[in-house]
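Below is one structure, written out as C-alpha cells, with a few remarks after it.
Please read all numbers here as calculations on a predicted model, not as lab measurements. One-based numbering along the sequence shown. Excluded from the calculations below are hydrogen atoms, water molecules and symmetry mates; all remaining heavy atoms, backbone and side chain alike, are included.
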Amino acid sequence: TLFPYTTLFRSFVSAQDTYHCPDGWYWQEHHGRGHCFMFSMEQVNKMDSEILCASHGGFLLELDHPGLNYWVKSMLLDKYTPDKQDRAAAAAGVPWGNLFWMGAVTKEHHSDHVNGDWLWPHANVSAEWFDWGEHEPNDFHSQNCMTYLEYRNVIWQDFRDYFWNDSDCKEDVAHYICVKECADCPDRKSVV
C-alpha cells in the first residue's frame, strides 16, 4: 500500500505562503513553476466547485505528475482529520470518508478493469496515469467526474490515505481543491 509513501511525503508539505499566494492558499512548486492551492471546507456539487474556483481566478485541481498527487494527498492527510462521527463510521466497516472534487471528467463507460478516457479540461489533455482506490473506478450510475476519496484502515483508524474515485457530477457533493498560477513567482525555467 501507499501508507509509507504518504508518510514520507508529509515531510515535503509546504506551509501556507502568503508571500506568493493569497491568505488561505498554499504554495507548491512543480515543473519549475509555483502554483497556489486552496482546499475547501465547504461541500458543493461539481458545477458549483468549478464556479467557486473560477471566482478565485483558478480551476479545479489537475494533476500532471505523481509527485504533485503525493503532495496533495499529504496536504489532505494533514488538514482533514476524521471527527468522531467519521471514526464511528470506520468502526462500523465503512472504508471511506471525505471527498474532494478534482477537475478530471469522462464521457465513456469505465470500470475497475477499464480506466476509460479521462480528460483534464483546463489543460485539455487526457490523464496518462491513475491512482484509483480499491474497486475504482466503478461507474456506479454514470459517475463521470473525479474526486479524491478518503480510505481508512478499519482496525487501525489512524492509517488513512486518499485515492482517486469516480463520482456523480450532479448528485454528489464534496469539498474541492482549486489551483491557480502564482502571479509573482519566478519562472525557474527562464533563469540562466
Side-chain angles (χ1 to χ4, degrees), residues 1-3 5-6 8-9 12-14 26 28-40 43-54 56-77 80 95-151 160-182 189:
T1 68
L2 292 177
F3 291 121
Y5 297 110
T6 304
L8 171 68
F9 282 100
F12 297 111
V13 174
S14 298
Y26 294 84
Q28 202 273 342
E29 179 184 317
H30 68 283
H31 288 292
R33 297 192 56 128
H35 291 82
C36 298
F37 295 80
M38 182 184 72
F39 299 83
S40 80
Q43 296 186 50
V44 297
N45 66 30
K46 173 75 182 287
M47 183 183 297
D48 288 345
S49 69
E50 292 171 335
I51 292 168
L52 289 164
C53 285
H56 291 287
F59 52 92
L60 277 177
L61 174 69
E62 296 188 1
L63 300 168
D64 58 356
H65 64 90
L68 180 58
N69 183 50
Y70 288 120
W71 180 82
V72 170
K73 289 167 66 155
S74 67
M75 290 293 288
L76 292 174
L77 288 169
Y80 295 91
W96 58 83
N98 290 316
L99 288 172
F100 291 83
W101 290 117
M102 301 163 66
V105 294
T106 187
K107 292 182 180 179
E108 293 185 350
H109 175 71
H110 48 280
S111 69
D112 61 349
H113 302 291
V114 179
N115 284 324
D117 183 24
W118 289 85
L119 175 74
W120 299 112
H122 181 76
N124 195 27
V125 297
S126 292
E128 296 179 5
W129 54 274
F130 299 93
D131 189 20
W132 295 116
E134 188 175 354
H135 305 297
E136 296 294 341
N138 58 21
D139 200 17
F140 183 72
H141 296 291
S142 298
Q143 296 176 318
N144 293 328
C145 290
M146 188 182 288
T147 58
Y148 274 108
L149 172 63
E150 179 190 12
Y151 284 81
R160 305 178 304 127
D161 206 348
Y162 284 85
F163 293 99
W164 298 5
N165 171 64
D166 56 340
S167 292
D168 186 306
C169 305
K170 295 177 184 173
E171 299 297 323
D172 290 346
V173 295
H175 303 287
Y176 53 94
I177 305 168
C178 300
V179 63
K180 66 180 175 178
E181 296 287 329
C182 177
K189 291 180 180 177

| query | Side chains of K46 and L60: closer than 4.5 Å at any heavy-atom pair? | reply | yes
| remark: Residues at least two apart in sequence or cross-chain that pass side-chain contact (heavy atoms from CB on, under 4.5 Å) with N45, listed by chain then number, are M47, D48
| said: I'd like to check M146 versus W132 (side-chain heavy atoms, cut-off strictly below 4.5 Å). Are they in contact? | reply: yes
| Going by atom types alone, do T106 and D117 pair a side-chain donor with an acceptor below 3.5 Å? | no
| said: Here's a test for you: under side chain to side chain donor-acceptor pair (under 3.5 Å), which of Q28, E29, E181 qualifies with H35? | reply: E181
| field | Y162 side chain near N98 side chain, heavy-atom distance below 4.5 Å | value | yes
| said: Counting C-beta onward and ignoring hydrogens, is there a side-chain heavy-atom pair between Y176 and Q43 closer than 4.5 Å? | reply: no
| message | Evaluate V179 against F59 for side-chain contact (heavy atoms from CB on, under 4.5 Å), listing each step before the verdict. | response | CA-CA 6 Å; V179 63; F59 52 92; 3.0 Å; yes
| Under 3.5 Å, is there a donor-acceptor pair between the side chain of H56 and the main chain of G58? | no
| said: If the condition is side-chain contact (heavy atoms from CB on, under 4.5 Å), which residues does A123 pass it with, not counting sequence neighbours? | reply: E62, V125
| note | Closest heavy-atom pair, C145 versus W101, reported as atoms and distance to 0.1 Å, is CB-CZ3, 3.7 Å
| message | Could you check whether any side-chain N or O of S167 sits under 3.5 Å from a backbone N or O of T147, counting only pairs where one atom can act as donor and the other as acceptor? | response | no
| Without hydrogens or angle criteria, can the side chains of Y151 and N165 be said to hold a donor-acceptor pair below 3.5 Å? | no
| field | For Q143 against W118, the heavy-atom pair lying closest together | value | O-CH2, 4.1 Å
| said: What I'd like to find out is whether the side chain of C178 reaches to under 4.5 Å of the side chain of L61, using heavy atoms alone. | reply: no
| said: Just to verify, what does F39 make a side-chain contact (heavy atoms from CB on, under 4.5 Å) with, not counting sequence neighbours? | reply: Y26, F37, W71, V72, M75, L76, K79, Y80, I177
| Hey, is D161 close enough to K73 for a salt bridge, meaning N to O under 4.0 Å? | yes
| Nearest atoms (heavy-atom pairs only) where L63 meets W164 | CD1-CZ2, 3.6 Å
| Minimum heavy-atom distance between N144 and C169, given as atom pair plus value | C-SG, 3.5 Å
| request: State the CH2-CD distance between W120 and E128, to the nearest 0.5 angstrom. | output: 11.5 Å
| At what distance, to the nearest 0.5 angstrom, does CG of L149 lie from CZ of F100? | 10.5 Å
| Least distance between heavy atoms, G103 atom then P121 atom | O-CD, 3.2 Å
| task | Would you confirm whether R160, through its side chain, and E150, through its main-chain N or O, come within 3.5 Å as a donor-acceptor pair? | result | no
